[in-house]
Participant: 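This is the structure I have questions about; it appears just below.
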Number of protein chains: 2
Amino acid sequence: MPTPETTTDVPQDFEALKAVILERKAQLPKRLKQVAAYSLDNPDEIAFGTAASIATSADVQPSTLVRFAQHFGFEGFSSLQQIFRARLRERTPGYEERLKALRSNDHSKLESGSIFNGFVAAAHRSLDNIATSVDPQAFERAVDILAKADTIYLIAKRRSYPISSYMAYAFGKLKVKYQHVGTAAGIDDDMLAMATKQDAAFAVSFSPYASESASQARLLASRKVPVVSLTDSAFSPLAESSKVWFELVEADHAGFRSLSASMAFAMALTVAIAEKRRRTEDAATR
Amino acid sequence: MPTPETTTDVPQDFEALKAVILERKAQLPKRLKQVAAYSLDNPDEIAFGTAASIATSADVQPSTLVRFAQHFGFEGFSSLQQIFRARLRERTPGYEERLKALRSNDHSKLESGSIFNGFVAAAHRSLDNIATSVDPQAFERAVDILAKADTIYLIAKRRSYPISSYMAYAFGKLKVKYQHVGTAAGIDDDMLAMATKQDAAFAVSFSPYASESASQARLLASRKVPVVSLTDSAFSPLAESSKVWFELVEADHAGFRSLSASMAFAMALTVAIAEKRRRTEDAATR
DNA sequence: AATGGGATAGAACGAACGTTCCATTTTCCC
DNA sequence: GGGAAAATGGAACGTTCGTTCTATCCCATT
């Protein structure tokens with residue numbers, strides 16, 4: 001038994017509990033450590049879920065939850081759960097203004113805080129715009145084109161490069177064949193020479209446009225490889241080479257443009273392509 | 001029975017429910033009016049309590065609560081309770097409105113549209129979280145450490161790689177000396193071997209953690225190179241090697257986690273570092 | 001390789017839950 | 001003031017909950 005002792009050293013609020021869990025995390029047995037990690041990462045789930053549902057979610061047995069609670073001096077899982085509920089209760093009053101006040105007070109007192117806030121705000125603005133600026137039918141067409149492709153060529157340089165590198169990672173996980181153009185210098189052209197009209201390309205470029213991206217897109221287009229592109233202006237050199245293109249203007253803070261909307265777009269596109277492929281394959285093999 | 005009707009006009013969120021209750025309050029029978037008043041005055045109690053405890057508290061019978069819920073089109077008390085719980089879960093301001101705006105755009109009509117909307121919503125949620133989960137003082141300390149460094153080593157693999165590759169790009173533009181660890185295999189260790197305690201490192205890793213990132217961070221820490229890290233759990237292997245670390249849980253759509261918050265964080269950090277350096281240099285040469 | 005102690009999985013249990021049902025009371029219209 | 005309809009209280013139901021208990025597993029130590 002883990003020392004019943006006095007009830008005084010049982011954590012009475014969430015912060016205290018968190019501290020104790022972190023302090024003892026290293027010495028915890030495997031399953032209990034698993035619960036510890038889950039509980040701090042998904043506190044809301046603990047607050048609302050039932051022991052059974054949480055156990056499933058955290059991939060342990062319900063009894064493990066009870067043992068976990070008892071390890072920290074609680075009578076059972078239920079009393080531990082109260083701590084997580086209290087945490088949500090106490091944060092309620094006037095959240096709209098309160099959060100706003102908290103943000104501006106907390107962060108802007110320190111110099112770097114305003115920079116931080118600025119970027120979060122810029123990202124929000126970008127995302128607010130994205131829904132209206134992206135035409136859903138064009139999106140559908142883009143998914144169509146790329147889902148049909150044998151290999152997808154990803155073209156992005158400089159500031160756009162993180163976007164294509166995320167897509168490369170995700171495509172790899174999703175088993176979608178791709179070629180990441182623009183990693184090593186020199187071999188790009190050889191890589192592109194292999195593209196046929198059975199393939200397709202996705203190009204990203206924001207002003208000031210990398211001339212390489214534009215010329216690579218043009219090269220592919222001239223060889224009948226369908227190109228889908230993401231850019232920030234109708235005047236982008238990418239637009240003329242593309243079968244479908246999207247105009248997406250990112251908001252900026254102090255001149256540094258956000259990437260959040262582009263990133264969300266890229267994720268959606270990536271998953272939509274994989275999704276469509278799976279559906280098509282299902283239909284074919286049935 | 002109080003009109004089974006279609007399920008479409010059953011309130012789906014707290015605001016809608018509140019409106020409906022207030023609208024029909026006057027015509028409600030005595031006991032139901034009592035419940036109506038109680039539920040709007042003590043929404044937290046409804047969220048967490050049991051039917052029995054709430055009934056006692058509101059001085060009615062448990063069955064009255066069920067009848068009350070059914071009067072407003074819910075199947076039973078439990079489904080009404082979900083609305084009150086959701087309210088606490090989604091404590092972020094403006095979130096509901098944003099989602100509503102998203103829902104009403106024409107994306108939802110097309111198949112890929114829901115994927116698109118899902119990722120935008122996930123990005124919003126991530127950003128809403130970031131302001132509260134990042135401690136401004138820790139951020140300030142992180143900026144301090146990295147601004148003082150001679151060379152900044154960027155460590156990130158796989159899903160986190162786009163983040164460090166953005167920072168690499170931005171550092172280049174801002175003339176901040178950096179080394180991007182993890183690009184080419186093999187030379188990483190040689191690169192890290194050159195790091196001294198005059199330098200610093202920024203590591204990013206989300207679960208499932210890339211073991212390389214963790215071991216590289218550990219290596220640097222053991223050689224007194226200060227490490228700042230961005231991760232998603234207090235249990236991350238990065239945490240123990242880091243002087244300052246940030247916990248940032250990205251929201252996900254269909255299991256694909258957003259990168260928007262991490263990206264915004266990375267941008268803010270990057271710019272704040274450059275900003276701080278410029279200020280320090282100004283002060284020195286003056 | 002054997003042993004001992006702690007940790008775990010899973011079945012079993014009693015308590016508490018939300019809901020339903022029906023007798024009783026209240027309300028409102030004729 | 002009588003009667004029907006609506007509203008209410010409270011008991012009973014089946015379900016699901018958190019917890020307990022025990023056989024088994026794992027791992028460290030010898």
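Chain identifiers are assigned alphabetically (A, B, ...) following the order of the sequence lines, protein sequences preceding nucleic acid strands; residue numbering begins at 1 within each chain.
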Participant: Consider the side chain of A:Arg67, meaning its heavy atoms from C-beta on, and name the nucleotide among C:dT8, C:dC17, D:dA7 that approaches it most closely.
Facilitator: C:dT8

Participant: Tell me the interatomic distance from B:Leu80, atom CG, to C:dG18, atom C1', rounded to whole angstroms.
Facilitator: 13 Å

Participant: For B:Ser126 and B:Glu250, work out which heavy atoms get closest and say how close.
Facilitator: OG-OE1, 2.7 Å

Participant: What's the CD-C1' distance between A:Glu75 and C:dA15, to the nearest Å?
Facilitator: 14 Å

Participant: Mind checking whether A:Phe68 and A:Val60 have side chains closer than 4.5 Å, heavy atoms only?
Facilitator: no

Participant: Rounded to whole angstroms, how far apart are CD on B:Gln70 and P on D:dT8?
Facilitator: 14 Å

Participant: A:Ile54 has an atom CD1; how far is it from atom C1' of D:dT19, in whole Å?
Facilitator: 15 Å

Participant: From the list D:dG18, C:dT20, D:dT8, which nucleotide is the closest neighbour of the side chain of B:Pro29?
Facilitator: D:dT8

Participant: Any side-chain N or O of B:Ser63 below 4.0 angstrom from OP1/OP2 of D:dT8?
Facilitator: no

Participant: Counting only side-chain heavy atoms from C-beta out, which of C:dT19, C:dA7, D:dG18 sits nearest to A:Phe77?
Facilitator: D:dG18

Participant: Of the listed nucleotides (D:dT19, C:dT8, C:dC17), which one gets closest to any side-chain atom of B:Thr50?
Facilitator: C:dC17

Participant: In whole angstroms, how far is the P atom of C:dG18 from the CD atom of B:Gln82?
Facilitator: 12 Å

Participant: Could you tell me whether the phosphate oxygens of C:dT8, OP1 or OP2, come under 4.0 Å of any side-chain nitrogen or oxygen in A:Gln34?
Facilitator: no

Participant: Pick the closest DNA chain C nucleotide for A:Leu32 and for B:Ser79 by heavy atoms, then say which residue is nearer the 5' end.
Facilitator: A:Leu32

Participant: Rounded to whole Å, how long is the line connecting atom CZ of A:Phe68 with atom P of C:dA9?
Facilitator: 15 Å

Participant: Between A:Thr64 and C:dT8, is there a side-chain N or O to OP1/OP2 distance below 4.0 Å?
Facilitator: no

Participant: Could you give the CG-to-C1' distance, from A:Leu65 to C:dA9, as a whole number of Å?
Facilitator: 13 Å

Participant: Is the B:Phe246-B:Phe265 ring centre distance short of 6.0 angstrom?
Facilitator: yes

Participant: Is it true that, when you exclude A:Glu75 itself, more than 12 heavy atoms of the residues, nucleotides or ligands shown sit nearer than 6.0 Å to its CD?
Facilitator: no

Participant: Counting just side-chain N and O atoms, does A:Ser78 come under 4.0 Å of either OP1 or OP2 of D:dC17?
Facilitator: no

Participant: Just by distance, no angles: are the side chains of B:His180 and B:Ser165 close enough, under 3.5 Å, to form a donor-acceptor pair?
Facilitator: no

Participant: Are any of A:Gln61's side-chain N or O atoms less than 4.0 Å away from OP1 or OP2 of C:dG10?
Facilitator: yes

Participant: Whole-Å distance between D:dC26 P and A:Leu28 CG?
Facilitator: 20 Å

